Amino acid sequence: MMRRAIGYLWASPNTLAAVAIGLLLCGRFRWVQGVIEIDGPWVLQTLNRLPIQPRAMTVGHVVFGTDLAALTVTRAHERVHVRQYERWGPAFIPVYLGWSLWLQLRGRDGYRENPFEVEAYAVDTPGPSMPDAADEESDRRWS
């Protein structure tokens, strides 16, 4: 119980920023298994403007999704990211982006080979642990 409370507190700067973003995007908020899930038309537009166009994206204890179906399908994957935020706290975003940059500078895939994503894709079932890079729609199906 105490460990869980510390995880919420440690991730809270990211969570609070995400809640503010969700409010600005006029998102629909749901509380699911200890996590705030947010979707809505402006959330969809925002996610579609990102370079990888994810179906869902986690920030602290908040998961943004393109729609309710995407939030449901990506739930296990995104909960791995929630636990990562509980471990890394405010350092999660800079460390995640640092890994992506480091991989890209070495000619590798900064998204699919990022250790945070490798860990999250490991829980995805059924199918491969990572989407096929040749599949143009892979970033829409996977978070």
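Computed from a predicted structure; not experimentally measured.
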Kindly compute the distance separating [atom1] ([X]) from [atom2] ([Y]), expressed to the nearest 0.5 Å.
X: Phe29; Y: Asp39; atom1: CZ; atom2: CG; value: 10.5 Å
X: Leu97; Y: Leu101; atom1: CG; atom2: CG; value: 8.5 Å
X: Leu44; Y: Arg49; atom1: CG; atom2: CZ; value: 10.0 Å
X: Glu113; Y: Gln104; atom1: CD; atom2: CD; value: 10.0 Å
X: Trp42; Y: Leu47; atom1: CH2; atom2: CG; value: 15.0 Å

Query raised in the report: Between Glu37 and Arg28, does at least one N-O distance fall below 4.0 Å, as a salt bridge requires?
Result: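 Salt bridge between Glu37 and Arg28, a charged N being under 4.0 Å from a carboxylate O: no.
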Treating [X] as the side-chain partner and [Y] as the backbone partner, does any N or O pair qualify as donor plus acceptor under 3.5 Å?
X: Tyr8; Y: Gly34; result: yes
X: Trp99; Y: Gly110; result: no
X: Thr15; Y: His61; result: yes
X: Asn14; Y: Gly89; result: yes

Query raised in the report: Would a 4.5 Å heavy-atom cut-off, applied to side chains only, mark Val95 and Phe116 as touching?
Result: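 Result yes, sub-4.5 Å side-chain heavy-atom pair found.
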Query raised in the report: Taking side chain as C-beta onward, heavy atoms only, is Leu103 less than 4.5 Å from Asp109?
Result: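 A side-chain contact under 4.5 Å is absent here.
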Requested in this report: Provide the closest heavy-atom pair for Ala70 versus Thr66 in the form atom of the first, atom of the second, distance.
Outcome: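 Closest heavy-atom pair between Ala70 and Thr66: CB-OG1, 3.2 Å.
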Query raised in the report: Pick one: which of Arg79, Glu78, Arg83, Gln84 meets side chain to side chain donor-acceptor pair (under 3.5 Å) with Thr58?
Result: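 Single pass found, and it is Glu78.
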